[in-house]
S.K.: 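Have a look at the structure that comes next, please.
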Amino acid sequence: MTGTPLTRSEAKDLTRRKLIRAALSILDEEGEAGLSTVKVAKAAGIAQSSFYVHFKDMQELLRVLAEEGGERLRSSMREARRKAREHPGDLDLHRETFRIPLESICRHPELLRIQIRARHDPSSSLRDFATETAAAYREHHAADLAALGYTADNERDRRRLEMIADGINAATNALAMGHLEGRYPDLDEAADILTALSRGALRLLRATSNKPVSEPPGPSSRPVGEPPGPSSRPVSESPGRS
């Protein structure tokens, strides 16, 4: 029994998805140097000439790969932060806000490497896109911090929120790469460290804020490796990435 024939639009979209999946697979296995229109088209099972029906060149395909993955990741991170805000005493929800980007980077690390290189290469056709992507992560993270109740009413406070967002995102990238290089084998431990780093930064905001802020996790929640007792401080409440 045969299925209903695809429409022209559906067939075109299916071919486009095949090219994207093929490129991502090659990128994961061989890195950017392994990509070529010939190789991607062959892996997708289409003629090389058909590649250009869907993408102007390899740089456009790379941009689409990063764009689609980035949109999904930012959406997942913001949803995780929302849940953590609604349940400030649940340490697992706060750790999840870090575990999500760590795992995403480790699934397709070359996408992050390409964007980092592009941001610092004036000749790269992906430079503007990479810069805009980094700004989107920073702005979303800063907005989520503000939603906790930290003031962002003036330039100084907005700058501080963005600095914390940038710092946590950079730390997330660094620990994910350290995991891939074998230096930090346990991603849960990396998530604990990122949560602890955010605690110190958020303590600064809490001390200088004129608004009430969400309470951190309760006294029973503590970072891995921190001894229990009256002096233990709970891990704080903020997520991060790229």
S.K.: State, to 0.1 Å, how close His179 and Pro185 come at their nearest heavy-atom pair, and which atoms those are.
M.R.: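 Heavy-atom minimum between the residues: CE1-O, 3.1 Å.
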
S.K.: Set out, in order, the CA-CA distance, both residues' side-chain angles and the distance that settles side chain to side chain contact (heavy atoms under 4.5 Å, CB included) for Tyr150 and Arg160, then state yes or no.
M.R.: CA-CA 10 Å; Tyr150 296 107; Arg160 286 193 169 197; over 6 Å; no

S.K.: Could you tell me the separation between the NZ atom of Lys56 and the CZ atom of Arg63, rounded to the nearest 0.5 Å?
M.R.: 9.0 Å

S.K.: Test of understanding: clusters of I, L, V, M, F, W, Y form through side-chain heavy atoms closer than 4.5 Å, transitively. Do Leu62 and Leu73 belong to the same one?
M.R.: no

S.K.: Once rounded to the nearest 0.5 Å, what's the spacing between atom CG of Asp92 and atom NZ of Lys83?
M.R.: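 Result: 13.0 Å between the selected atoms.
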
S.K.: Got a salt bridge between Asp144 and Arg78, using NZ or NE/NH1/NH2 to carboxylate O under 4.0 Å?
M.R.: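 A salt bridge links Asp144 with Arg78.
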
S.K.: More than 12 non-hydrogen atoms from neighbouring residues, nucleotides or ligands closer than 6.0 Å to CD on Glu189, yes or no?
M.R.: no

S.K.: Can you tell me how far CD of Glu67 sits from CZ of Phe129, rounded to the nearest 0.5 angstrom?
M.R.: 5.0 Å

S.K.: Can you tell me how far apart CG (Asn173) and CG (Leu112) are? Round to the nearest 0.5 Å.
M.R.: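 One gets 4.5 Å once the value is rounded to the nearest 0.5 Å.
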
S.K.: According to a hydrophobic-cluster definition based on side-chain heavy atoms being under 4.5 Å apart (Ile, Leu, Val, Met, Phe, Trp, Tyr only), do Leu14 and Leu24 belong together?
M.R.: no

S.K.: What heavy-atom pair brings Ile164 and Ala201 nearest, and what distance separates the two atoms?
M.R.: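 Of all heavy-atom pairs spanning Ile164 and Ala201, the closest is CD1-O, 3.6 Å.
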
S.K.: Count the heavy atoms of every other residue, nucleotide or ligand shown that sit under 6.0 Å from CZ of Arg8, and state whether that count exceeds 12.
M.R.: no

S.K.: Among residues at least two apart in sequence or on other chains, which ones pass side chain to side chain contact (heavy atoms under 4.5 Å, CB included) with Ser50?
M.R.: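 In terms of side chain to side chain contact (heavy atoms under 4.5 Å, CB included), with neighbours along the sequence ignored, Ser50 is linked to Ile46, Ala47.
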
S.K.: Once side chain to side chain contact (heavy atoms under 4.5 Å, CB included) is applied, do any residues pair with Arg16, and if so which ones, sequence neighbours excluded?
M.R.: Ile20, His54, Phe55, Val64

S.K.: Flag yes if Leu27 and Phe51 sit in one hydrophobic cluster, no otherwise; membership is Ile, Leu, Val, Met, Phe, Trp, Tyr, and two members link when side-chain heavy atoms are under 4.5 Å apart.
M.R.: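 Yes: a chain of side-chain contacts under 4.5 Å links Leu27 to Phe51.
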
S.K.: Test your reading of the model: is there a side-chain donor-acceptor pair from Glu68 to the backbone of Leu65, 3.5 Å cut-off?
M.R.: no

S.K.: Ile116, Leu180: one ILVMFWY side-chain cluster at the under-4.5 Å cut-off?
M.R.: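 The answer is yes; both residues are in one hydrophobic cluster.
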
S.K.: Going from NZ on Lys12 to CZ on Arg17, what distance comes out if it is rounded to the nearest 0.5 angstrom?
M.R.: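 If I round to the nearest 0.5 Å, the distance is 14.0 Å.
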
S.K.: Test of understanding: with side chain to side chain donor-acceptor pair (under 3.5 Å), list the residues that count as partners of Ser125, not counting sequence neighbours.
M.R.: Gln59

S.K.: As a quick check of understanding, evaluate side chain to side chain contact (heavy atoms under 4.5 Å, CB included) for His141 and Arg81, giving each step before the final call.
M.R.: CA-CA 9 Å; His141 194 166; Arg81 289 175 187 152; 3.5 Å; yes

S.K.: One thing to verify: whether Glu32 and Arg117 come together as a salt bridge, which I'm taking to mean a side-chain N less than 4.0 angstrom from a carboxylate O.
M.R.: yes

S.K.: I'd like to know if the side chain of Ser124 and the backbone of His120 have a donor-acceptor N/O pair within less than 3.5 Å.
M.R.: no

S.K.: Considering all heavy atoms of both residues, which atom of Arg119 and which atom of Thr131 are nearest to each other, and what is their separation?
M.R.: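 The pair with the smallest heavy-atom distance is CG-N, 3.9 Å.
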
S.K.: Which pair of non-hydrogen atoms, one from Thr97 and one from Ala84, has the smallest distance, and what is that distance?
M.R.: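 Reported closest heavy-atom pair: CG2-CB, 4.1 Å.
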
S.K.: Got Gln115 and Leu126 here, is their nearest side-chain heavy-atom distance under 4.5 Å?
M.R.: no

S.K.: Could you walk me through whether Leu202 and Leu145 pass side chain to side chain contact (heavy atoms under 4.5 Å, CB included), step by step?
M.R.: CA-CA 9 Å; Leu202 294 173; Leu145 289 173; 3.6 Å; yes

S.K.: Who passes side chain to side chain donor-acceptor pair (under 3.5 Å) against Glu60, sequence neighbours left out?
M.R.: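 Result, side chain to side chain donor-acceptor pair (under 3.5 Å) vs Glu60: none returned.
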
S.K.: So which heavy atom on Ala146 is nearest to which on Leu161, and how close?
M.R.: CB-CD1, 4.0 Å

S.K.: Can we say Arg82 and Glu79 salt-bridge, meaning some charged N sits less than 4.0 Å from an Asp/Glu carboxylate O?
M.R.: yes

S.K.: Hey, any chance Tyr52 and Met58 share a hydrophobic cluster, counting ILVMFWY side chains that come within less than 4.5 Å of each other, even indirectly?
M.R.: yes

S.K.: Just so I know, are the side chains of Gln48 and Val40 near enough to count as touching, which here means a heavy-atom distance under 4.5 Å?
M.R.: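 Answer no - side chains too far apart.
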
S.K.: Tell me the salt bridge (charged side-chain N to carboxylate O under 4.0 Å, His left out) pairs involving residues 35-55, sequence neighbours left out?
M.R.: Glu30-Lys39

S.K.: Is the backbone N or O of Ile168 less than 3.5 Å from a side-chain atom of Thr172, with the two atoms forming a donor-acceptor pair by type?
M.R.: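 Such a contact is found between Thr172 side chain and Ile168 backbone.
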
S.K.: Report yes if some heavy atom in the side chain of Tyr184 is under 4.5 Å from a heavy atom in the side chain of Ile193; otherwise report no.
M.R.: no

S.K.: How far apart are the closest heavy atoms of Ile26 and Ala43, and which atoms are they?
M.R.: CD1-CB, 4.2 Å

S.K.: Is the closest side-chain heavy-atom distance between Asp166 and Tyr137 below 4.5 Å?
M.R.: no

S.K.: Charged N to carboxylate O below 4.0 Å: is that the case for Arg113 and Glu110?
M.R.: yes

S.K.: Do Phe98 and Leu175 have side chains that approach each other closer than 4.5 Å (heavy atoms only, starting at C-beta)?
M.R.: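 SC-SC contact between Phe98 and Leu175 ruled out.
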
S.K.: Rounded to the nearest 0.5 Å, what separates atom CZ in Arg85 from atom CG in Leu93?
M.R.: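 Arg85 CZ to Leu93 CG: 12.0 Å, rounded to 0.5 Å.
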
S.K.: Evaluate the side-chain proximity of Asp57 to Thr37: yes if any heavy-atom separation is below 4.5 Å, no if none is.
M.R.: no

S.K.: Taking the side chain from Ser198 and the backbone from Thr195, do they hold a donor-acceptor pair closer than 3.5 Å?
M.R.: yes

S.K.: Donor-acceptor pairs are to be reported for all side-chain atoms of residues 99-108 against protein atoms at under 3.5 Å, with residues two or more places apart or in another chain.
M.R.:
unit_1, atom_1, unit_2, atom_2, d
Arg99, NE, Asp188, OD1, 2.8
Arg99, NH1, Glu96, OE1, 2.7
Arg99, NH2, Asp188, OD1, 3.1
His108, ND1, Asp28, OD1, 3.0
His108, ND1, Asp28, OD2, 2.8

S.K.: Between Ser75 and Glu71, is there a donor-acceptor pair closer than 3.5 Å when you use the side chain of the first and the backbone of the second?
M.R.: no

S.K.: Is any side-chain heavy atom of Leu35 closer than 4.5 Å to a side-chain heavy atom of Leu61?
M.R.: no

S.K.: Can you confirm whether more than 12 heavy atoms, excluding those of Glu86, are under 6.0 Å from its CD atom?
M.R.: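 Atom CD in Glu86 is packed in, count exceeds 12.
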
